[in-house]
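Everything on this sheet refers to the single structure shown next.
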Amino acid sequence: MRKLVPAVLSVTVLLAGCQGGGGDGSTTTSTAAFDPATCQGGTLTVLNQGGINHLDPARLYTSGGGNLPSLLFRTLTTRNRQPGEAGAKAAPDLATDLGTPSDGAKIWTYHLRDDIFFEDGTPITAKDVKYGIERSFAPELPGGAPYLRDWLDGAADYQGPYKQPDGIKSIETPDDKTIIFKLRKPEGDFPFLATATQFAPVPKAKDSGVDYEKHPISSGPYQVESYEPKKSLVLVRNKHWSTKIDELRYACPDRIEVTSGLDAAVINQRLVTGAGQDANAVTTDAVVGPEQLAQLGTGSELDKRVTRGEFPSTLYLAFNTKKAPFDNPKVREALSYAINRTSVVNALGGSAVQGASTTFLPPQKALGQQPYDYFPAGASGDPAKAKQVLAEAGLTDLTVEVTHENDDSEGIGPKVAAAVQEAFKQAGVTVKLNAIDAATYRDVIGKPATQPGLVLTTWGADWPSGGPFLIPIFDGRQIITAGGNFNLAQYNDPAVNAEIDAINALTDPAAAAARWGALDAKIGKLALVIPLTYEKDVYLYGKNVKNAYADGWRGQLDIARISVK
């Protein structure tokens, strides 16, 4: 069990030592003195491409509690919010520790800390945490992390508190400060899962169902002043939160203004120029473009305003193996040979910000990746081999549809779709592109009844392990027909499911990582997906921004620790 770095003073010293180089490649060149005790004040501007589709903690699906969401929602545990290896650990948040396991890690007991409140001053209780979790099972609120449906004993068919108000019996709250989870199998990673926003408390009396996201009740350092999905979010201080009850979030700015829907080139140019309020600006989703990359490493002023990290994430094409022609392995293999990863990398900004990938697991050591390339396409595709495979299968004049988002903010939009289309064309395959509005894209592809045959999508680890990378995508017990499904291949192999259970029971992280890597290599032979790229993150930040670094969990700036004063 891991322990929190407890005191603000200790964290200050640690951060001073970390600035200048993160253990996982994250870097920051900020030289200004930073003291979390005196950093409060000012307005932080966040310039983003993608917006928040849903602000309901039940519907959010973000690694380590997310960046903006964790300003509103405290959870039982959270990420440790530091660069390097230390940042890849979980830490207590609403709970006093990372939880006490018993019965071979099938039972986890948490105790809530004192003096924790919602934004209206109401004390947060264990029943509020339990209710927040139960809401995430409601079919009216799809999209959240799927693990609990599988992990909790007897919860597989639970339909949420609106249809089944008696709740989940395997979550017990014997008093206001204690919450007990009874699992159907050992899960040593439970403290990592408890960082998910589904573990945020929700007051039952304030729950308005699908409308709750219009103004969710904050348990974090900020509360919502205004929110317009996909466009804007303004946060102001929650007066019932303080650093005395939350040592990990510094909450330096008095106000945070998020603007979404911007083009990446515009965001980075505004950060470079830093005019007016843009001097106090950051972005959480726009890595630098070619123009800014050409200026880096030259000793310019811009070099002092860069942070680098790696979020474990894979961009890939996902086959629906229940639909023709993708139920034919030869079609999947042929398209795998045909893919031109260089053109995809270029469409995403070049090799400084994306790496070509032939494995589903990205290269981070903690995930256990084992290199493989079963359908070698080389750097620019092998259309001749693709044609050969199709001919052997008796397939000619093949036409397929590739579905993608209608904007490029998440890297699965028209630019990459066009690169895929051209590569398949070289192999004699006609591609029809199907663009879907980004606001509803995940809803469409995540419901088997509406899921297209071939889609562009991405997957990132929920915590630094191979398990959360492979389980939602390839565990057949994770297929959700009502919506919010991520096993897009709809792949269900009992032997693979059993191996997942066996790895989950391991307590040695190194041994588990080796097994996750081997499992990825085994599944890769089936060509259920075409891995395209893994993520490299290079972010700029404004002239007045201090304490900007990529955390070791997600490789992104942690807004909870940034100052503009």
Is the closest side-chain heavy-atom distance between [X] and [Y] below 4.5 Å?
{"X": "Pro452", "Y": "Asn320", "value": "no"}
{"X": "Pro448", "Y": "Asn485", "value": "yes"}
{"X": "Thr62", "Y": "Thr197", "value": "yes"}
{"X": "Leu68", "Y": "Ile559", "value": "yes"}
{"X": "Phe424", "Y": "Leu454", "value": "yes"}

Sequence neighbours excluded, which residues qualify as ring-ring contact (aromatic ring centres under 6.0 Å, His included) partners of [X]?
{"X": "Tyr61", "result": "Trp459, Phe486"}
{"X": "Phe375", "result": "Tyr337"}
{"X": "Tyr441", "result": "none"}
{"X": "Trp151", "result": "Tyr147"}

[X]: partners by salt bridge (Lys or Arg N to Asp or Glu O under 4.0 Å), with sequence neighbours left out:
{"X": "Asp475", "result": "Arg477"}
{"X": "Arg341", "result": "none"}
{"X": "Lys322", "result": "none"}

Are the side chain of [X] and the backbone N or O of [Y] linked by a donor-acceptor pair below 3.5 Å?
{"X": "Gln82", "Y": "Gly87", "result": "no"}
{"X": "Asn434", "Y": "Thr403", "result": "no"}
{"X": "Asn80", "Y": "Ala86", "result": "yes"}
{"X": "Arg79", "Y": "Gly66", "result": "yes"}
{"X": "Thr78", "Y": "Ala91", "result": "no"}

My understanding is that only one of Asp150, Asp103, Asp153 makes a salt bridge (charged side-chain N to carboxylate O under 4.0 Å, His left out) with Arg184; could you say which? Asp150
State, to 0.1 Å, how close [X] and [Y] come at their nearest heavy-atom pair, and which atoms those are.
{"X": "Gly411", "Y": "Val416", "value": "O-CG2, 3.3 Å"}
{"X": "Trp553", "Y": "Pro312", "value": "O-CD, 3.9 Å"}
{"X": "Gln370", "Y": "Ala518", "value": "NE2-N, 3.3 Å"}
{"X": "Lys130", "Y": "Ile171", "value": "NZ-O, 2.9 Å"}
{"X": "Phe326", "Y": "Arg332", "value": "O-NH1, 2.8 Å"}
{"X": "Asp327", "Y": "Ala324", "value": "OD1-CA, 3.3 Å"}

To the nearest 0.5 Å, what is the distance between [atom1] ([X]) and [atom2] ([Y])?
{"X": "Leu317", "Y": "Leu528", "atom1": "CG", "atom2": "CG", "answer": "13.0 Å"}
{"X": "Gln556", "Y": "Thr283", "atom1": "CD", "atom2": "OG1", "answer": "9.0 Å"}
{"X": "Glu401", "Y": "Thr430", "atom1": "CD", "atom2": "OG1", "answer": "13.0 Å"}
{"X": "Leu456", "Y": "Tyr316", "atom1": "CG", "atom2": "OH", "answer": "10.5 Å"}
{"X": "Glu134", "Y": "Ile168", "atom1": "CD", "atom2": "CD1", "answer": "5.0 Å"}
{"X": "Leu94", "Y": "Arg74", "atom1": "CG", "atom2": "CZ", "answer": "5.0 Å"}

Can you name the side-chain contact (heavy atoms from CB on, under 4.5 Å) partners of Ser409, sequence neighbours left out? Gln49, Asp407
Do [X] and [Y] get their side chains close enough for a donor-acceptor pair, meaning under 3.5 Å?
{"X": "Thr533", "Y": "Gln354", "answer": "yes"}
{"X": "Gln364", "Y": "Glu310", "answer": "yes"}
{"X": "Asn48", "Y": "Ser260", "answer": "no"}
{"X": "Gln451", "Y": "Gln490", "answer": "yes"}
{"X": "Thr457", "Y": "Arg442", "answer": "yes"}
{"X": "Thr359", "Y": "Gln369", "answer": "yes"}

Could you list all the salt bridge (Lys or Arg N to Asp or Glu O under 4.0 Å) pairs where at least one residue sits in residues 418-439, not counting sequence neighbours? none
Give every residue pair that meets the salt bridge (Lys or Arg N to Asp or Glu O under 4.0 Å) criterion with at least one member in residues 344-360, sequence neighbours excluded. none
Does [X] pair with [Y] as a salt bridge, N-O distance under 4.0 Å?
{"X": "Glu499", "Y": "Lys522", "answer": "no"}
{"X": "Arg308", "Y": "Asp537", "answer": "no"}
{"X": "Asp558", "Y": "Arg81", "answer": "yes"}

With sequence neighbours left out, what residues match Asp520 under side chain to side chain donor-acceptor pair (under 3.5 Å)? Tyr372
Any chance the rings of Phe199 and Phe181 have centres within less than 6.0 Å? yes
Using residues 188-195 as the side-chain source, report each donor-acceptor pair under 3.5 Å to any protein atom, sequence neighbours left out, with the distance given to one decimal.
{"unit_1": "Asp189", "atom_1": "OD2", "unit_2": "Trp463", "atom_2": "NE1", "d": "2.9"}
{"unit_1": "Thr195", "atom_1": "OG1", "unit_2": "Phe192", "atom_2": "O", "d": "2.7"}

